Amino acid sequence: MVSILNTIDTGHEDMIHDAEVDYYGLRLATCSSDNSIKIYDIKNGAHMLLEDLKGHFGPVWQIAWGHPKFGNLLASCSYDRKVIIWKEQQGKWSKYYEYANHDSSVNSVQFAPPAYGLILACGSSDGCISVLTYQSETNTWEAKKIQNAHAIGCNAISWSPSITPEPAFDNHQPQTLTKRLVSGGCDNLVKIWREDGDRWVEESKLEVHSDWVRDVAWAPSIGLSRHIIASCSQDRRVIIWTSEDCQTWNSSVMHTFDDVVWNVSWSLNGNILAVSGGDNKVTLWKQNLEGNWQCISDVVKGQGQISGDQRAL
Amino acid sequence: MGTFSVIQEGPVNALALNRDNTQVAIGGRNVFKVYSIEEDKFKEIYNLRSSKHLNLSFSCNDISWSLIDDNYLATAATNGHVCVWNLTKMGKAMQEQDYQEHKRTVNKVNFHSSEPNRLISGSQDGTMKYFDIRGKTSVATFVSNTESVRDVQFSPHMPHMFAAVSENGSVQLWDVRRPDKCQQQFTAHSGPVFACDWHPEMTWLATASRDKTIKVWDLTSKPTLEYTIHTIASIGHVKWRPQRKYHIASCALVVDCSINIWDVRRPFIPFAAFNEHKDVATGVAWRGDPQVFLSTSRDCTLLQHAFRDASRPASKANPQGMSLNNTGEVLYACRVPANTNLSKMSGLIRKYSTSTMNNSSDQFHLASSVMHHFQTTLSQEPKCFYSLALNYVLSGRSLTEMCEHNATVAKEHGKSYIATVWRIVKTMYGEEYIQNSFNSHGCKNNEDTVSHTNIPAGNLALASLDHSTDNERQSRGGDTPAAQCSGGDDETETEDQVDHGLLYNNGFTSYSNFRLGLPRGDFYFGDNELDIELDGLNTVADFKSSFRNSQQLGEQQDWTLPNEAFNIRHEIQNHSPPPEQFPNQNSPDINDDAPIAVEDSAAQGVLTVSNIPERCVWDPSSIVISALKYHAMLGDVQTAACMLLVMGDQRRLLTGLDEATQEHWLLGYIELLGRYRLWNIAAQVIKLSWLPNVTQLNQQSTRINTNCGKCSKPLQRAGWLCDRCHTSEYALCSVCHQVVKGLYAWCQGCSHGGHLAHMMKWMSLNKTCPTGCGHSCEYS
């Protein structure tokens, strides 16, 4: 079922916190506690270091690739409270924009679906979510902030897909796309945010997790007729939230794992969910015909269990 | 000992603990107090600013408490004075010494740790003064030759040595006996150095700078840089943690209000952080115990911190990263467990020390990740998508041909069920059907066998209503009243003696195979295979039994196929054979509860065809739609989108499928094609699209930049005049030699052109370029 292709020596001097493959699957970016972001060429199974981006003054928590229609963009967020958008021009990466208006570590960055324009959302430990919108006329970034989105801090954000599968479709009127975000935080909540005019309002507050929510992922809507969100938490559970209209959300516990669940991410089609947890294991899940989620494969790192509670002195 | 605090009148700049760590002196611009530290609170003992004779000497930049004589405090005053205070005296007499020797503000004072009465000061004026507090003047002056000295600290290891750090980034080591020149000097940082601290055991000096680094220098002989810690802000203070060789506390000068404890071996993320302060911390003092320290802050508080209340940024950090490739591969980075093969790890970790203890905090610095690249069975799907996208034919041939081609392609990729859907679409909407609606393909998929029930109803309805089939029905009905089998392409071909029971069995077998995901074999039964001649009664009986079977099957399995199979009914309509035959046709919808009854009535209908006057044309579109939707829901938007495209105008018949969904599928497919860089296919999809929101994609992001033909610089204002070389010679019409100010039509082969009208006229008469360049231009 699962075979290991290779092990990549990233050369990072500390832990890696995120790895993202670009839109075309040609390049891999990793970010690490060692303050750096590295970009590799992974065409044809090889992995060649292309770039080592240094600009953060703290561990880099998460990275996000932009849609190629806006050029080659990579956003990163760090413990140093900054968000940096990097741009590749003539094969050289450089800082394109820096956003430093958070009061604490920035934990999550995500580019909006391209149909909304060039927009980046950032979630921070200061509890706020920032939405940065590029204004092409003025070549500036406009920032909107959702204050107190999550008490103690926001750990993860994800955009709803731009193509809304809602049947309400009035003739050929240009559709006004409703932008939505989902966020998860240290208050154990998952929240849905909707852009309403020039503000972002809290649309739903989903309360099931009993510990910090570590990751949220809104499924790509390709082909799907409803909204699906996966969230994972330190309470060791992955919860699947579904909704027809974004108003009422139904939750079901997909699985309770043996350890903290750190990441959830959807396949391109939105039909397979990859989950990785504290036991250093990746599992792939698929909904069977009865609507239950089944584990379809295990990816075990196979180097033994993670050890050492760092909380000890 | 817990965390507690006391609020002051103003910001606090510094603190100092007495010898046995029971009392703390704090000082600031408006604060100068001594507290005793109790179990859970601070208790004020002295307020030295209660004096009536307040002056600037009472405003402190720094405080030092003599470690020899518990009654002596020294302060560095903002007005350049160095003051010595005797706590045993009262009132004005408390200020025992007031050295007014520095020309500018004094940044630091430091009592010697073993020699009584010895005090050093460092000032903004660039000098350091050495005092014996019994005397009225300084003993020695050290000139740093820098603009200002930010910190001075006696070495705990060499009694005569002290270190001084300056705003120019340098560190100086002085011998108190040699004021004439410094013993050692080196540049430690690229920006001002704000603080330094000697390691209590090692000959290490930590320096903190505005360049956002803390550096640890080994000064045993030649200064060597041992560790560099990267922080998020300028560092104002550092203090080694007692009894923890590698731990050091730091406070930032700006931005970061927390006090961070670092393991110098892990230079990027703090081992622990204390976030109680609301403004930046100005000083840290350990109470001799590695678990407790005091701090002062610009937020006017004095705080005692207990280590157990610390937050651990590293433990909150996500230790893994995961990404699903669009080729179905999984990239996964996770932490290397600290207790695995250490020898293997030593290569990965800088400054790896072999003498590690078996406790987890000592493994804190052993942080590294490995990155794995996995291939999963999912990897087949994207390849299949890619290949299908390339090989599907979406236009240019007849619907039937395209469907057949695509079905073959799908089957070659092991997607028999998709192939089946293609064939159904072919059958339902193919030209053959339209041309000879009566002889249309009998869609003989194995699903047929599974789905019996609706046929009777369908036939029933058809029998009297479908005018397009009326003629045929009549003729056929007349010809073969009871024995005709309508299953095949060739309705007249009724000789096949296939046992229908066997057929059912086969059908179910293959159906279940299919459901089990063993797509070997083609389930498409040749038309003839399914043409069965049956007599009505048997048919009914068989139908019933098989219906039950199929129900059982159906309960275990999903309804995809039934749905698809449902389509077949349409065909049947066209055939409009006598009702008795319907059972043979194995019509689709099994899950319908009504069917048996209907069948009975169908059987009756056979007898009295003319008695059923109601017209209700069965429309296959809803079934096709649900089939498409089903595939889309499985994440296979490719099938849905391609079928819509291939159907062309026949799409109109899918009235139940709203445009939003169609658009959603097409855009989804285009998006996916983009991911795989199949631009040509995507462009083809856009071109073939019938939805304005999709077709307009073609009109986006096509831009032609024009440059001047002479200087090659972009044309800014107009296409016919270069601002740079003020010429229009490259905008002349090849025919009339006038400047073209409107549309300029040019040949992409030889790049000559001119007024659109002129070029059209020219080309209607000539075949070559009007300039005479000899190129055979083509204007379309």
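To find a chain, count down the sequence lines: A is the first, B the second, and so on, and within it residues start at 1. What you see is a predicted model; the values in this text were computed from it and never measured.
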Trainee: Please classify the contact of A:Trp61 with chain B as side chain, backbone, both or neither, using a heavy-atom distance under 4.5 Å.
Mentor: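 Side chain of A:Trp61 only, per the 4.5 Å heavy-atom cut-off to chain B.
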
Trainee: Contact between B:Glu671 and A:Tyr23 at the side-chain level, heavy atoms closer than 4.5 Å - yes or no?
Mentor: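 A side-chain contact under 4.5 Å exists here.
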
Trainee: Report yes if the side chains of A:Leu268 and B:Arg675 come closer than 4.5 Å at any heavy-atom pair, otherwise no.
Mentor: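 Yes; the side chains approach each other to less than 4.5 Å.
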
Trainee: Report which part of A:Ile63 has an atom under 4.5 Å of a heavy atom belonging to chain B: side chain, backbone, both, or neither.
Mentor: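 For A:Ile63, neither part sits under 4.5 Å from chain B.
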
Trainee: Tell me if the centroids of the rings in B:Trp679 and A:Tyr24 come within less than 6.0 Å of each other.
Mentor: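 For B:Trp679 and A:Tyr24, the ring centres are under 6.0 Å apart.
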
Trainee: Tell me, do B:Arg266 and A:Ser33 make a side-chain contact under 4.5 Å, heavy atoms counted?
Mentor: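 Contact flag for B:Arg266/A:Ser33 side chains = yes.
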
Trainee: By a 4.5 Å heavy-atom criterion (distance strictly below it), what part of A:Trp266 contacts chain B: side chain, backbone, both, or neither?
Mentor: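 Looking at A:Trp266, just its backbone touches chain B.
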
Trainee: Could you tell me which portion of B:Pro270 (side chain, backbone, both or neither) has an atom closer than 4.5 angstrom to a non-hydrogen atom of chain A?
Mentor: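 Contact with chain A involves the side chain of B:Pro270 alone.
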
Trainee: B:Leu331 versus A:Ile42: any side-chain heavy-atom pair under 4.5 Å?
Mentor: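 SC-SC contact between B:Leu331 and A:Ile42 confirmed.
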
Trainee: Identify the two heavy atoms, one from A:Ile16 and one from B:Ser369, that lie closest to each other, and give their separation to 0.1 Å.
Mentor: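 Between these two residues, the closest heavy atoms are N-OG, 2.7 Å.
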
Trainee: How about B:Gln320 and A:Val282: do any of their side-chain heavy atoms sit closer than 4.5 Å?
Mentor: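 No, every pair of side-chain atoms sits at 4.5 Å or beyond.
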
Trainee: Check whether any side-chain heavy atom of A:Phe57 sits under 4.5 Å from a side-chain heavy atom of B:His230, and report yes or no.
Mentor: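 A side-chain contact is absent here, since even the closest heavy-atom pair is not under 4.5 Å.
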
Trainee: Side chains of B:Met322 and A:Ser265, heavy atoms from C-beta outward: is any pair under 4.5 Å?
Mentor: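 Yes, close enough: below the 4.5 Å cut-off.
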
Trainee: Considering non-hydrogen atoms only, spot the tightest contact between B:Ser323 and A:Ala19 and give its length.
Mentor: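 In this case the closest contact between B:Ser323 and A:Ala19 is CB-O, 3.3 Å.
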
Trainee: Relative to chain B, which segment of A:Val275 carries a heavy atom at a distance below 4.5 Å: side chain, backbone, both, or neither?
Mentor: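 Only the backbone of A:Val275 comes within 4.5 Å of chain B.
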
